[in-house]
Amino acid sequence: MITAVNGEASTQTRISNDVYSFEADTTEPKGMGQGFRPHELLEAALASCTAITLRLVAKERGIPLKRIRIQIELDRKDPGSAIFRSKIDLGDEITEVDRKTLLAAARLCPVRKTLGRQLVFEEAGA
């Protein structure tokens with residue numbers, strides 16, 4: 001579970017899972033720009049999950065993967081859709097067969113699967 005807390009008259013928000021924490025905020029003029037923007041956190045969730053998934057698959061299959069670089073951009077221009085664009089850089093040290101295997105595995109990322117489902121929001125009263 002994640003908890004988000006901000007103080008009076010501040011948009012800067014501390015995000016915590018009771019073990020780790022960081023700051024989120026929105027950009028000026030509405031916010032102070034003192035942390036990740038909320039939509040960047042969606043991008044970060046997908047990027048980190050994809051990188052972890054690829055690392056685990058590479059280890060399981062004995063693929064000598066030195067580095068993974070994932071870039072995710074969320075495009076919200078169309079009010080009816082959200083497009084996650086990804087760039088996956090696996091370096092030049094692996095074979096083309098291994099590269100194809102890993103790129104297919106990127107689609108198995110649990111966050112990607114979750115974002116691809118119908119989302120339902122349940123709210124508890126304050």
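Computed from heavy atoms alone, side chains included, the values below leave out hydrogens, waters and symmetry copies.
Rounded to the nearest 0.5 Å, atoms CD (Glu28) and CD (Gln34) are 8.5 Å apart. For the atom pair CD of Gln12 and OG1 of Thr26, the computed distance is 12.0 Å after rounding to the nearest 0.5 Å. The structure places CG of Asp89 at 10.0 Å from CD1 of Ile68, a figure rounded to the nearest 0.5 Å. Atom-to-atom distance recorded for Leu46:CG and Phe84:CZ is 6.0 Å, nearest 0.5 angstrom. Between the CG atom in Asn6 and the CD atom in Glu23 there is a gap of 10.0 Å [rounded to 0.5 Å]. The CG atom of Leu90 sits 14.0 Å away from the NZ atom of Lys66 when rounded to the nearest 0.5 Å.
Of the possible polar contacts, one joining the Arg55 side chain to the Leu65 backbone as a donor-acceptor pair under 3.5 Å is found. Counting only distance, with no hydrogens or angles, the side chain of Asp25 and the backbone of Gly33 share a donor-acceptor pair below 3.5 Å. For Thr114 (side chain) and Pro110 (main-chain N/O), a donor-acceptor pair under 3.5 Å exists by modelled atom type. A donor-acceptor contact shorter than 3.5 Å links the side chain of Glu40 to the backbone of Arg37. Between the side chain of Gln71 and the main chain of Ser86, no donor-acceptor pair closer than 3.5 Å is present. Side chain of Thr13 to backbone of Thr11: a donor-acceptor contact under 3.5 angstrom is found. In this structure a side-chain-to-backbone donor-acceptor pair under 3.5 Å is missing from Ser10 to Gly7.
Within 6.0 Å of CZ in Arg67 there are more than 12 heavy atoms belonging to other residues, nucleotides or ligands. Residue Asp75 qualifies as enclosed at atom CG: its count of foreign heavy atoms under 6.0 Å is above 12.
Nearest approach of Ala24 to Leu41, heavy atoms of both residues: CB-CD1, 4.1 Å. Of all non-hydrogen atoms in Leu74 and Ala82, the two that sit nearest each other are CD1-CB, 3.8 Å. In terms of heavy-atom proximity, Ile88 sits nearest to Ala106 at CD1-CB, 3.7 Å.
For Asp98 and Arg61, the salt-bridge test fails: no basic side-chain N is under 4.0 Å from an acidic carboxylate O.
At least one side-chain heavy atom of Ile70 sits less than 4.5 Å from a side-chain heavy atom of Leu54. When side chains are defined from C-beta on, Ile15 counts as touching Ile2, because their heavy atoms get closer than 4.5 Å.
Taking the side chain to side chain contact (heavy atoms under 4.5 Å, CB included) definition, one finds that Ser21 meets it with Arg14, Ser16, sequence neighbours left out.
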Check the pair Thr50 / Val111 against side-chain contact (heavy atoms from CB on, under 4.5 Å), numbers first and verdict last.
CA-CA 8 Å; Thr50 302; Val111 170; over 6 Å; no

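One hydrophobic cluster, built from ILVMFWY side chains closer than 4.5 Å, cannot hold both Ile52 and Leu108; they sit in different ones.
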